[in-house]
**Student:** 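Below is the structure I would like to discuss, written out as structure tokens.
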2 protein chains.
Amino acid sequence: MSETTVGRRPAAPADPAAACPIAPVVDIVFSRWTTPILWCLHRFGRQRFVELHRRIPAVTPKVLTQRLRQLERDGLVVRTYHPEVPPRVEYEISDLGLSLAPLFAGLAHWAADNLDRVEDARRAYDATEHRPARRG
Amino acid sequence: MSETTVGRRPAAPADPAAACPIAPVVDIVFSRWTTPILWCLHRFGRQRFVELHRRIPAVTPKVLTQRLRQLERDGLVVRTYHPEVPPRVEYEISDLGLSLAPLFAGLAHWAADNLDRVEDARRAYDATEHRPARRG
DNA sequence: CAGGATCCAAATGGATACTG
DNA sequence: CAGTATCCATTTGGATCCTG
């Protein structure tokens, strides 16, 4: 399981898909960093590794590479290697990747509508006696 | 950060949200196990801890509890405790949680349409020379 | 520049035992 | 039943160094 599962969910003992039809998609589309990467690629178009890294500084080059490989393998991103010196590699979103756009838009819409409700819920929850605990 | 970040993404050094407007939602809705849990609650209605666990056997009670707490805190799930003997606790999806239904439907739809494209892409990718590597 | 290789710290998740 | 507490194995991501 060397390359196939890196960055993806740690290979659940049994598969969550049995209990949830959309689990596979979630695994593919919402693995760590994939959303920022896809969004950047969609928003700013084709770009080189460093540019992408500049937009998402929180991820290390190593991990960024891993995620890009994963996305490339899943057909959501296209990687183009230009054998020059210095080497130039460009990443762009694929048609398949683009087909996710409406979904992302839906997410963004839901966020705009309900994110503050979540925050309210959190405050309300934290205000009750369940609080951080740590005291028994 | 004891209770706030458990099960959620490990507190990124800087926030990915800066590079992606939907990152917060992803964190809330697509944390590990949350999709199966929400889907089960939506599909089978209000149910007790054990029932839920029976539908999602792959998760351990400990983790299931953590995730349910998280969802409760975020206002996506409602927990009802009946102080009886033996104790009875019921979980159900909240209105806020229900508002995610269209999104989930969209996901399911995308999966139905494109999941095999992803599989194809994977096969194609694995068929090329990048393969598992491990040889230089 | 674009990464691969290594080594290491942190964190999640599992197993088990115990409680109200 | 519905958890909580503890201990431990695996995994993941970060730091650093190196190469074509």
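Since the model is a prediction, treat every value here as computed from it, not as a measurement. Lettering of chains follows the sequences in order, A, B, ..., and the numbering in each one begins at 1.
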**Student:** So which of A:L76, A:T34, A:L71 actually passes side chain to side chain contact (heavy atoms under 4.5 Å, CB included) with A:I28?
**Tutor:** A:L76
**Student:** Could you state the atom-to-atom distance from CZ of A:R67 to C1' of D:dT12 in whole Å?
**Tutor:** 8 Å
**Student:** For the side chain of A:F49, counting heavy atoms from C-beta on, which of C:dG3, D:dA5, D:dA2 is nearest?
**Tutor:** C:dG3
**Student:** May I have the distance from B:L52 (atom CG) to D:dG3 (atom P), rounded to whole angstrom?
**Tutor:** 10 Å
**Student:** With DNA chain D as reference, determine whether B:R54 or A:P87 sits nearer its 5' end, using the nearest nucleotide of each.
**Tutor:** B:R54
**Student:** Nearest to the side chain of B:V63, heavy atoms from C-beta on, is which of C:dG13, C:dG3, D:dG13?
**Tutor:** C:dG13
**Student:** Looking at residues at least two apart in the chain, or sitting in another chain, which of them share a side-chain hydrogen bond (donor to acceptor under 3.5 Å, both in side chains) with B:R54?
**Tutor:** none
**Student:** Among D:dG3, C:dG14, C:dG13, which is the nearest nucleotide to the side chain of B:T60?
**Tutor:** C:dG14
**Student:** Can you measure B:R88 atom CZ to C:dG20 atom C1' for me and round it to whole angstrom units?
**Tutor:** 17 Å
**Student:** For B:Q47, what residues pass the side-chain hydrogen bond (donor to acceptor under 3.5 Å, both in side chains) criterion, not counting sequence neighbours?
**Tutor:** B:R55
**Student:** When you get a sec, tell me which of D:dG3, C:dA2, C:dG3 is the closest nucleotide to the side chain of B:R69?
**Tutor:** D:dG3
**Student:** Would you tell me if any nitrogen or oxygen in the side chain of B:Y81 comes within less than 4.0 Å of OP1 or OP2 on C:dG20?
**Tutor:** no
**Student:** How are the rings of B:F44 and B:W39 set relative to one another: parallel (under 30°), tilted (30 to 60°) or perpendicular (over 60°)?
**Tutor:** perpendicular
**Student:** Which side-chain N or O atoms in residues 101-115 of chain B pair as donor and acceptor under 3.5 Å with protein atoms at least two apart or in another chain?
**Tutor:**
residue : atom : partner : partner atom : Å
B:H109  : NE2  : B:D113  : OD2          : 3.4
B:W110  : NE1  : A:S99   : OG           : 2.9

**Student:** For the helix from C:dC1-D:dG20 to C:dG20-D:dC1, measure the angle between the helix axis at one end and the axis at the other, each built from five pairs, rounding to 10°.
**Tutor:** 50°
**Student:** From the list C:dG13, C:dG3, D:dA2, which nucleotide is the closest neighbour of the side chain of B:V50?
**Tutor:** D:dA2
**Student:** Return the value, rounded to whole Å, for the distance between atom CG of B:L64 and atom P of C:dG14.
**Tutor:** 11 Å
**Student:** List for me each residue that meets salt bridge (charged side-chain N to carboxylate O under 4.0 Å, His left out) alongside A:R88, sequence neighbours excluded, and say none if there are none.
**Tutor:** A:E84, A:E90
**Student:** Can you tell me if A:R32 touches the phosphate of D:dT12, counting only side-chain N or O atoms and a distance under 4.0 Å to OP1 or OP2?
**Tutor:** no
**Student:** State which residues pass side-chain hydrogen bond (donor to acceptor under 3.5 Å, both in side chains) with A:R43; sequence neighbours excluded, sorted by chain then number.
**Tutor:** none
**Student:** Measure from the side chain of A:Y91, starting at C-beta and using heavy atoms only, and say which of D:dG3, C:dC1, C:dG3 lies closest.
**Tutor:** C:dG3
**Student:** Quick one: does B:H53's side chain have a donor or acceptor within less than 3.5 Å of a partner on B:R48's backbone?
**Tutor:** no
**Student:** Nearest-Å distance, CG (B:L68) to C1' (D:dT4)?
**Tutor:** 15 Å
**Student:** Whole Å only: how far is the CD atom of B:E72 from the P atom of D:dA2?
**Tutor:** 14 Å
**Student:** Rounded to the Å, how far apart are B:Q66 CD and C:dA15 P?
**Tutor:** 14 Å
**Student:** Rounded to whole Å, please give me the gap between CD1 in B:I56 and C1' in C:dG13.
**Tutor:** 16 Å
**Student:** With nearest nucleotide decided by heavy atoms, which residue, A:K62 or A:E90, maps closer to the 5′ end of DNA chain C?
**Tutor:** A:E90
